[in-house]
Amino acid sequence: MTATGLPMEVPAEGLPTRVRIHEVGARDGLQNEQTVVATEIKAEFIHRLAAAGLPLVEATSFVHPKWVPQLADAEQLFPQLGDLDPHRLPVLVPNERGLDRALALGARRIAVFASATESFAQANLNRTVDAALAMFAPVVARAKDAKVHVRGYLSMCFGDPWEGPVPVAQTVRVCRELLDLGCDELSLGDTIGVATPGHVQHLLAALNEAGVPTSRLGVHFHDTYGQALANTFAALQHGVTTIDASAGGLGGCPYAKSATGNLATEDLVWMLHGLGIETGVDLGRLTATSAWMAEVLGRPSPSRTLRALSHKE
Ligand code: HMG
Ligand code: MG
């Protein structure tokens with residue numbers, strides 16, 4: 001670390017010059033926390049993340065409140081973000097009911113969320129993989145008509161807690177289906193954090209071979225086995241420029257008890273800035289925000305960078 005609390009900048013060959021971080025802490029992070037955070041605190045969290053320069057701050061989900069009680073306040077929260085550009089505030093929408101709720105509040109960027117495996121499709125959406133895709137079809141079509149940007153998440157792209165390793169061809173098949181529905185971009189989820197860098201590059205190459213350009217792919221790593229940054233570096237080498245991360249490493253995965261949550265945004269920014277890759281993020285403002293949220297939740301953040309910077313003085 002340098003005296004400024006910033007990494008020394010030493011670029012590596014063949015990497016993108018700019019990366020867009022898709023911040024998921026307020027959604028993927030808070031949905032997995034035991035504590036239900038007050039709506040006003042969530043609004044402050046999202047405002048502070050946006051002010052720290054994160055271009056996209058996923059705000060909430062319009063799902064069934066019984067399935068995710070932590071995000072049951074979407075109707076109250078979204079209007080409190082009215083001063084932010086809704087194009088910067090993606091929201092999750094599983095079905096037409098969710099889309100109606102999101103559109104009524106002025107959402108301009110939505111995400112549907114599929115699974116590469118049957119087990120997780122059942123656990124998360126109460127349907128088979130194909131029935132879930134059929135549920136998304138009218139959602140994506142209506143969103144596109146309304147000129148709303150659509151992300152397609154795909155969970156369990158590498159491994160599944162019930163089914164074990166997931167064949168690459170199986171993941172590629174569902175990715176293709178999501179794109180054929182009209183999704184603008186995909187986010188490849190390593191939901192339980194079992195991927196390793198070679199697997200990441202193999203999947204990305206297989207997707208390219210299946211006609212999916214890298215420019216439409218983002219990556220969404222969880223850090224259960226400490227591989228999230230290594231996997232991110234592998235994706236960068238492949239040319240991926242959209243990377244999901246969660247402020248302070250918030251969250252976990254209800255289906256993998258040891259999962260430590262998403263890749264922490266601070267750890268990602270430290271690596272990217274060290275590589276000389278632009279993100280637009282102010283690391284100091286981001287760490288102050290995550291430190292504050294850790295206090296709200298009453299538990300220390302798993303982010304190594306956040307811990308290191310907090311103990312700097
Ligand atoms: P279901 O029970 O099959 O729903 O759940 P249904 O269609 O049979 O409807 C049952 C009732 O729910 C009806 O009410 C509907 O109106 C209502 P009733 O008539 O009985 O009074 N309902 C809704 N209410 C509010 N908003 C809605 C909605 N839809 C139906 N949108 C459903 C199906 C999809 C709704 C349910 O399974 C669900 O909400 N799942 C959400 C699960 C979730 O949010 N998981 C976390 C996100 S995925 C993730 O985190 C992974 C990711 O981070 C990537 C990675 O890491 O891999 C993205
Ligand atoms: Mg996730």
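Numbering of ligands and ligand atoms starts at 1, following listing order.
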Problem set entry | Under 3.5 Å: donor-acceptor pair, side chain of R97, backbone of N95 | no
Exercise. So, R173 and D130, do they make that salt bridge, N to O below 4.0 Å?
Worked result: yes
Problem set entry | Contact atoms of ligand 1, heavy-atom distance to N124 under 4.0 Å | 37 (O), 40 (N), 41 (C), 42 (C), 43 (C), 45 (N), 46 (C), 48 (S)
Problem set entry | Under-4.0 Å protein heavy-atom contact, atom 40 (N) of ligand 1 | yes
Seminar exercise, completed: re atom 28 (C) of ligand 1, the protein heavy-atom contact at minimum distance is R97 CG, 3.5 Å
Exercise. Nearest to atom 46 (C) of ligand 1, what protein heavy atom do you find, and at what distance?
Worked result: Q31 OE1, 3.5 Å
For this session: Determine yes or no for a side-chain-to-main-chain donor-acceptor pair under 3.5 angstrom, with D184 supplying the side chain and V150 the backbone.
Result: yes
Exercise. Under 30°, 30 to 60°, or over 60°: which ring-plane class applies to F113 and F136, parallel, tilted or perpendicular?
Worked result: tilted
Exercise. Same hydrophobic cluster for L306 and L286, using side-chain heavy-atom links shorter than 4.5 Å among ILVMFWY?
Worked result: no
Exercise. For atom 3 (O) of ligand 1, which candidate among N126, L71, V112 provides the closest heavy atom?
Worked result: N126
For this session: Classify the contact between V68 and ligand 1 as side chain, backbone, both or neither, using a heavy-atom distance cut-off of under 4.0 Å.
Result: side chain
For this session: Just say parallel, tilted or perpendicular for the rings of F221 and F158, cut-offs at 30° and 60°.
Result: tilted
Problem set entry | Atom indices of ligand 1, in the order listed, that fall short of 4.0 Å to a heavy atom of H222 | 56 (O)
Problem set entry | D244 and R27 ion-paired at < 4.0 Å | no
For this session: Please indicate, with yes or no, if any protein heavy atom is found under 4.0 Å from atom 32 (C) of ligand 1?
Result: no
For this session: Spell out, as yes or no, whether a donor-acceptor pair under 3.5 Å connects the side chain of R151 to the backbone of E185.
Result: no
Exercise. Looking at atom 36 (C) of ligand 1, would you say a protein heavy atom lies below 4.0 Å from it?
Worked result: yes
Exercise. Hey, is the main chain of S301 close enough, under 3.5 Å, to the side chain of R307 for a donor-acceptor pair?
Worked result: yes
Exercise. Is it the side chain, the backbone, both or neither of P94 that has a heavy atom closer than 4.0 Å to ligand 1?
Worked result: side chain
For this session: Kindly state if atom 21 (O) of ligand 1 has a protein heavy atom within a strict 4.0 Å cut-off, that is, under 4.0 Å?
Result: no
Exercise. What part of V63, side chain from CB on, backbone N/CA/C/O, both or neither, has a heavy atom under 4.0 Å from ligand 1?
Worked result: both
For this session: Please check if the side chain of S187 supplies one atom and the backbone of G218 the other of a donor-acceptor pair under 3.5 Å.
Result: no
For this session: Please indicate whether any nitrogen or oxygen in F62 is less than 3.5 Å from any nitrogen or oxygen in ligand 1.
Result: yes
Problem set entry | Enumerated ligand 1 atoms positioned under 4.0 Å from heavy atoms of L92 | 47 (C)
Problem set entry | Heavy atom of protein closer than 4.0 angstrom to atom 9 (O) of ligand 1 | no
For this session: Using only N, O or S atoms, tell me which atom of D28 is closest to the Mg ion (ligand 2).
Result: OD2
For this session: Decide whether L89 and V37 are clustered together by the hydrophobic rule: side chain heavy atoms of Ile, Leu, Val, Met, Phe, Trp, Tyr closer than 4.5 Å, transitively.
Result: yes
Exercise. In terms of atom number and element, which parts of ligand 1 are under 4.0 angstrom from non-hydrogen atoms of D28?
Worked result: 50 (O), 53 (O)
Problem set entry | atom 52 (C) of ligand 1: nearest protein contact (heavy atom, Å) | R27 NH2, 3.8 Å
For this session: Would you mind checking which non-hydrogen protein atom is closest to atom 57 (O) of ligand 1, with the distance to 0.1 Å?
Result: T191 OG1, 2.4 Å
Problem set entry | Protein residue, atom and distance nearest to atom 6 (P) of ligand 1, heavy-atom basis | R127 NH2, 4.2 Å
Exercise. Near S155, which atoms of ligand 1 are under 4.0 Å from a heavy atom of that residue?
Worked result: 51 (C), 54 (C), 55 (C), 57 (O)
Exercise. Where the side chain of Q227 meets the backbone of P197, is there a donor-acceptor pair that is under 3.5 Å apart?
Worked result: no
Exercise. What atoms in ligand 1 come closer than 4.0 Å to a heavy atom of G98?
Worked result: 31 (N)
For this session: Give the residue and atom name of whichever protein heavy atom lies nearest to atom 56 (O) of ligand 1, and the separation in Å to one decimal.
Result: H220 NE2, 3.0 Å
Exercise. Which residue supplies the protein heavy atom nearest to atom 29 (N) of ligand 1, what is that atom called, and how far is it?
Worked result: N95 ND2, 2.7 Å
Seminar exercise, completed: Looking only at heavy atoms, the pair that brings N126 and W67 closest together is CB-CH2, 3.7 Å
Problem set entry | E33 side chain to Q70 side chain, donor-acceptor N/O pair below 3.5 angstrom | no
Problem set entry | Donor-acceptor side-chain pairing of S290 and E266 below 3.5 angstrom | yes
Exercise. Do protein heavy atoms approach atom 48 (S) of ligand 1 to less than 4.0 Å?
Worked result: yes
Seminar exercise, completed: For atom 26 (N) of ligand 1, the closest protein heavy atom turns out to be R101 NH1, 2.9 Å
